[in-house]
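What follows is a short report on a single structure.
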There are 2 protein chains.
Amino acid sequence: MQLEVGAHRADKSAGRIRQHNEKLILTAAEQEFARYGFKGTSMQQVADRAGLPKANIHYYFNNKLGLYYAVLSNIIDLWDSSFNELDAHDDPAVVLPRYIATKLDFSRRYPQASRVFAMEILSGGPHLSEYFQQDYRDWFRGRAAVFEHWIAAGKMKPIDPAHLIFLLWGSTQHYADFAVQIDAALGEDRPQQELYETATRTLTEIILDGCGIRRD
Amino acid sequence: MQLEVGAHRADKSAGRIRQHNEKLILTAAEQEFARYGFKGTSMQQVADRAGLPKANIHYYFNNKLGLYYAVLSNIIDLWDSSFNELDAHDDPAVVLPRYIATKLDFSRRYPQASRVFAMEILSGGPHLSEYFQQDYRDWFRGRAAVFEHWIAAGKMKPIDPAHLIFLLWGSTQHYADFAVQIDAALGEDRPQQELYETATRTLTEIILDGCGIRRD
DNA sequence: GTCTATAGACTGATAGAC
DNA sequence: GTCTATCAGTCTATAGAC
């Protein structure tokens, strides 16, 4: 699955100043869109955070929507490509723990990007209608088929693959999207590395045992 | 845990017109706050959806924040009270499936309320800072202690209780918060009842087996 | 209690000087 | 490429007629 929106594409041949400024703007936009969503974010906020005049944002990214797509497509490409690596010929006991660890690592490294996506979905996904087409459903079925193959091969219990996928996605993204609540529950002073190590261990154990996948 | 914000309280002794209008406004506000968050929602949107003039919203709910708290506190009270019912003396094989089913039922019946909460957390929880205090941490530890008791009693495997709680919360709320993505993956034509029945069965099986809880 | 009209600030976007 | 100044529209909130 590739998100094609005909929006802004980073021009690798662009000058150094342009590259630097676009990076500043994208980072600032990610922060603001993650907090306030598309509608709730103002170009002035983005400009202020980037330390540039508002007109410059419009110069680099044609309009608000172009800037939004540039931010949103990053995390989707990342997630989809890692999910695409799961193969029916792999051993789930090897690749599922790796997938859980990778997905949790995304939550740790790119929490803002995860939140931009979550905001978009909560808003009803109006800017992903092209992405969520028949192609998406076919892609999802193909991915679910990998789990069905594992079940048929006796490598895991007969569990509804779609809901297992939702569990994998939901439980891993939760650490990025609900970080504020998690911090409030555990105390912010707790080191993040330990939090994510325990999360990876716990999630892996519950899901693998829950799916009847024999580990070493 | 009780959300105390000193905001609007529904006056049970109020007239019929007032009760009716407040209900209209709260329902409309829930829809809009769920889609656009606090900052992204305008009072005009809420008024249009409720079918009332904008000034009436200000008359019934003093300001935007008062309206927001009235909506937000509903789902928090609901979630907390159901989570509070888990008791150390219960059998997890009985009460955990019930909790998962209840939480999924909340996602099915009150998806908008769940999304308002998710939006608030994604936004950094600025309006829940009073709620997320030391009291919240103590409450969370007390709830985690229930699982520790079950572990000590040999009723489940030694699993980090905090992360199990996050898994329970994240996986159940995912069905409300990411409904758009789930519909896109499975097809919107699929009957909702079947979706939630399969979700309940799959989540219950994975989590209970994953925690080593013996079921009948 | 209801609703129009409006104040004062902010929105996305652009023209045009530098 | 950069940035000020500005437009037309929308924001929350309220004053005041009915």
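Proteins get letters first, then strands, A, B, ... in listed order; numbering begins at 1 in each.
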Taking 4.0 Å as the cut-off, does a side-chain nitrogen or oxygen of [X] come that near to OP1 or OP2 on [N]?
| X | N | result |
| --- | --- | --- |
| B:N62 | D:dA13 | no |
| B:N21 | C:dT2 | yes |
| B:Y59 | D:dA13 | no |

Pairs satisfying salt bridge (Lys or Arg N to Asp or Glu O under 4.0 Å), at least one member in residues 24-42 of chain B, at least two apart: B:E32-B:R49
Residue pairs, two or more places apart or on separate chains, that pass salt bridge (Lys or Arg N to Asp or Glu O under 4.0 Å) and touch residues 164-191 of chain A: A:R190-A:E194
Member of A:Y131, A:Y136, A:W139 meeting the side chain to side chain donor-acceptor pair (under 3.5 Å) criterion with A:D80: A:Y131
A:Q134 atom CD: more than 12 heavy-atom contacts under 6.0 Å: yes
Electrostatic pair B:R18:B:E22 at N-O distance under 4.0 angstrom: yes
To the nearest Å, how far apart are [X] [atom1] and [N] [atom2]?
| X | N | atom1 | atom2 | answer |
| --- | --- | --- | --- | --- |
| B:E32 | D:dC11 | CD | P | 11 Å |
| B:Q19 | C:dG1 | CD | P | 11 Å |
| A:Y60 | C:dG12 | OH | P | 20 Å |
| A:K39 | C:dT11 | NZ | C1' | 11 Å |
| B:K64 | D:dA13 | NZ | C1' | 12 Å |
| B:I17 | C:dG1 | CD1 | C1' | 8 Å |
| B:F38 | D:dC11 | CZ | P | 14 Å |

Interface residues of residues 43-58 of chain A with DNA chain D (non-hydrogen, below 4.0 angstrom): A:P53, A:A55, A:N56
Smallest separation among heavy atoms of B:V46 and B:L67, with atom names: CG1-CD2, 4.1 Å
The helix from C:dG1-D:dC18 to C:dC18-D:dG1: angle between end helix axes, five pairs per end, rounded to 10 degrees: 0°
A:D87 side-chain N/O to A:H89 backbone N/O, donor-acceptor pair under 3.5 Å: yes
side-chain hydrogen bond (donor to acceptor under 3.5 Å, both in side chains) involving A:Y110 - partner list, sequence neighbours excluded: none
Under the salt bridge (charged side-chain N to carboxylate O under 4.0 Å, His left out) test, residues paired with A:R141 that sit two or more places apart: none
